[in-house]
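Reading through the structure tokens given below for one structure.
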Protein chains: 2
Amino acid sequence: MLELRLVQGSLLKKVLESVKDLVNDANFDCSATGFSLQAMDSSHVALVALLLRSEGFEHYRCDRNISMGMNLGNMAKMLKCAGNDDIITIKADDGSDTVTFMFESPTQDKIADFEMKLMDIDSEHLGIPEAEYHAIVRMPSAEFCRICKDLSSIGDTVVISVTKEGVKFSTRGDIGTANIVCRQNTTVDKPEEATVIEMNEPVSLTFALRYLNSFTKASPLSNTVTISLSSELPVVVEYKIAEMGYVRFYLAPKIEEDEEETKP
Amino acid sequence: MLELRLVQGSLLKKVLESVKDLVNDANFDCSATGFSLQAMDSSHVALVALLLRSEGFEHYRCDRNISMGMNLGNMAKMLKCAGNDDIITIKADDGSDTVTFMFESPTQDKIADFEMKLMDIDSEHLGIPEAEYHAIVRMPSAEFCRICKDLSSIGDTVVISVTKEGVKFSTRGDIGTANIVCRQNTTVDKPEEATVIEMNEPVSLTFALRYLNSFTKASPLSNTVTISLSSELPVVVEYKIAEMGYVRFYLAPKIEEDEEETKP
DNA sequence: GCCGTACACA
DNA sequence: TGTGTACGGC
């Protein structure tokens, strides 16, 4: 028996909007700790990890660990039917091959339940080691989103370079080149507007903008984004979910040889 | 000689936006009573009935009963040229094969007249008997609109079931099932937010969501919608037009045999 | 009050 | 398919 009641249902709506374009089918894992998901994107290049801790739910009952395979597109369709102020409850009976999403309007006048069939999905749950990163950049999520969008109109890849002074995003394409530098800036009115750089060692890594632009769909979840970089390690783009957890996206850097190969 | 002056011209604009997708050509009937229309939709499944009572016009002159065949798409195009605050006057001379729409801006600085050719249309004016309905549901039009839109992302048809406690909208599709229950609720701040159920007998009827979604285009005309249901009778979805009349949509329920046939 | 998204039209 | 407009969210 599983019953998870989330008062701020819009969070779950936003989570699904942010991952459904990247991942078609995935297992949601439910345990005493929380409600989580880990999945590779359909082209097996990027990885998504979601955690919604049990403490963030108004009611959290999960009798035993369970893994529920869902088509994220269909799940997103159903969640779109919930109002932004609705309370969402996720229910599943033991041994059932369906999951039920229940939506309660704030006034309780309207109660909806949507039932969806579960699927069997080969889960390739990777242990993601906690790593030390050469540099961690925190900046407003809207700004990172804008930069990735802007650069993708010039080129396909971005070089992210971090120095103590700031973070530089560079691209190059047929029509020209572009560099955007964001300086460390902690003297702002609101802490979420700050750009903060923690750096042990300068890094410079290249990524496909296509994936970064997909990651930024999660911007509505948080005002800030954290980008953790190390040479030879996948970048981690993390959006914290208030009081509950996070959505993290992992993407391996393009290595120089790759870049050369793809040049005409 | 016909001359109908409507101060709140936006009403006529909204009326046309709400019916033009359903009906291509129709006769507008003008008499001392008012300005009315009755027409089947192009696939002869749904029926629209419009009434704008003469008392609702600032000036209403209709020397003799007249029926004017119009292409509603073209009429809507012309009415779109009226500002939302414009006063609209509909004019037709006796024996003329054209109708003129005159738009006066509130300041009288701009006066436009649009002339449209009338058409001969076989009018199949049905007498619609006043019926007793098993159940009449009144609810906010925006809520009904949202429900029909949400359910159509899951299935093609909706079962509307009324009990004393509330009204339930159910559908079923490839990706799962959905049920939305709206409880009777009269204890709201504003009367137009209420959901009121008058029920003599429980009913449960099936309708094509495609048509209901078309009907909800009339939502801008009224904050509330009235849904009248009886087994074996077409449902009536009515939007009242303040001080003037109504737009009513009729749709025959799908009978069970139909449903079975469409199953694979 | 402004922005972004969603639907309607050409 | 691309644009313009209307509505809802921040």
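Below, chains carry the letters A, B, ... as their sequence lines are ordered, and counting in each starts from 1.
- In summary, B:Lys91 and B:Glu115 do not engage in a salt bridge, as defined by a charged side-chain N under 4.0 Å from a carboxylate O.
- B:Ile111 places a side-chain heavy atom less than 4.5 Å from the side chain of B:Met102.
- In this structure, the CG atom of B:Asn74 is 14 Å from the C1' atom of C:dC9, given to the nearest Å.
- Going from atom NZ of B:Lys80 over to atom P of D:dT5 covers 11 Å, rounded to whole Å.
- Between D:dG8 and A:Asn84, no contact under 4.0 Å exists linking OP1 or OP2 to a side-chain N or O.
- One interatomic measurement links the two molecules: CG of B:Leu16 to P of C:dC9, which rounds to 12 Å at whole-angstrom precision.
- Using a 4.0 Å cut-off between charged side-chain N and carboxylate O, B:Asp156 and B:Arg210 make no salt bridge.
- Contact record, B:Ser42 with B:Asn24: CB-OD1, 3.5 Å, taken as the closest heavy-atom pair.
- Atom NZ in B:Lys149 sits about 6 Å away from atom P in C:dC7, given to the nearest Å.
- Remark: B:Lys20 is not in phosphate contact with C:dA8, judged by side-chain N or O atoms under 4.0 Å from OP1 or OP2.
- For the pair B:Leu22 CG and C:dA8 P, the computed distance is 14 Å after rounding to whole Å.
- In this structure, B:Lys217 reaches the sugar-phosphate backbone alone: every heavy-atom distance under 4.0 Å involves primed, P, OP1 or OP2 atoms, never a base.
- Rounded to a whole Å, the CD atom of B:Glu143 is 19 Å from the P atom of D:dC7.
- The distance between atom CG of B:Asp150 and atom P of C:dA6, rounded to the nearest whole Å, is 14 Å.
- B:Glu17 places its CD atom 9 Å from the C1' atom of C:dA8, with the value rounded to the nearest Å.
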